[in-house]
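Throughout, residue positions are numbered sequentially from 1 according to the sequence presented. Here the structure is a predicted model, which means the values were calculated and not measured. Computed over heavy atoms, backbone and side chain alike; hydrogens, waters and symmetry mates excluded.
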Amino acid sequence: MAHPKPGAEDIQALAEALLGLQTLEEAQAFLDDLCTPSELRAFAERFKVARLLDEGQLSYREIALRTGASTTTITRVARYLRDMPHQGYRRVLDKLKAPQAPGAG
């Protein structure tokens with residue numbers, strides 16, 4: 001008997017779980033339990049690539065040297081950052097740049 005793959009409801013439940021985390025420690029503990037070390041490194045690498053692309057100061061080759069990411073990964077992240085309709089990277093990067101309210105954080 002084949003096991004069903006996670007569907008939209010499962011992905012939504014994961015997103016809701018992420019939204020429920022309130023501290024850096026909670027987020028790190030959840031990610032440590034959820035992901036293998038190699039998955040976490042891959043996520044962190046892609047996010048670093050997105051941050052460097054957003055800064056706009058380095059070439060793809062320089063980003064590859066700085067992060068260890070392949071140019072294929074850098075191109076894919078750049079495409080998602082620039083073209084994709086869900087704009088997940090853009091939303092997170094913009095939130096990180098926004099000034100925090102007094103007492104926040």
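In the hydrophobic cluster analysis, where Ile, Leu, Val, Met, Phe, Trp and Tyr join through side-chain heavy atoms closer than 4.5 angstrom, Leu34 is grouped apart from Phe43.
With values rounded to the nearest 0.5 angstrom, Lys97 atom NZ is found 12.0 Å from Arg51 atom CZ. Annotation: the span from Leu31 atom CG to Glu39 atom CD amounts to 10.5 Å, rounded to 0.5 Å. Once rounded to the nearest 0.5 Å, the distance linking CZ of Arg90 with NZ of Lys95 reads 13.5 Å. Distance CZ/Arg76 to CZ/Arg46: 6.5 Å, rounded to 0.5 Å. Atom-to-atom distance recorded for Gln28:CD and Thr23:OG1 is 8.5 Å, nearest 0.5 angstrom.
Cluster partners of Leu93, by chain and number: Phe47, Val49, Leu52, Leu53, Leu58, Tyr60, Ile63, Ile74, Val77, Tyr80, Leu81, Met84, Tyr89, Val92, Leu96. The rule joins Ile, Leu, Val, Met, Phe, Trp and Tyr whenever side-chain heavy atoms lie under 4.5 Å apart.
Closest approach of His86 to Arg91, counting heavy atoms only: O-NE, 3.4 Å. Heavy atoms only, all atoms of each residue included: Leu21 and Ala27 are closest at CD1-CA, 3.7 Å.
The closest donor-acceptor contact from the side chain of Asp10 to the backbone of Gly7 lies under 3.5 Å.
Heavy-atom contacts from other residues, nucleotides or ligands closer than 6.0 Å to CZ of Arg79 number more than 12. At most 12 heavy atoms of other shown residues, nucleotides or ligands fall within 6.0 angstrom of atom CZ in Arg66.
Here Thr73 pairs with Ser70 under the side-chain hydrogen bond (donor to acceptor under 3.5 Å, both in side chains) rule; sequence neighbours left out.
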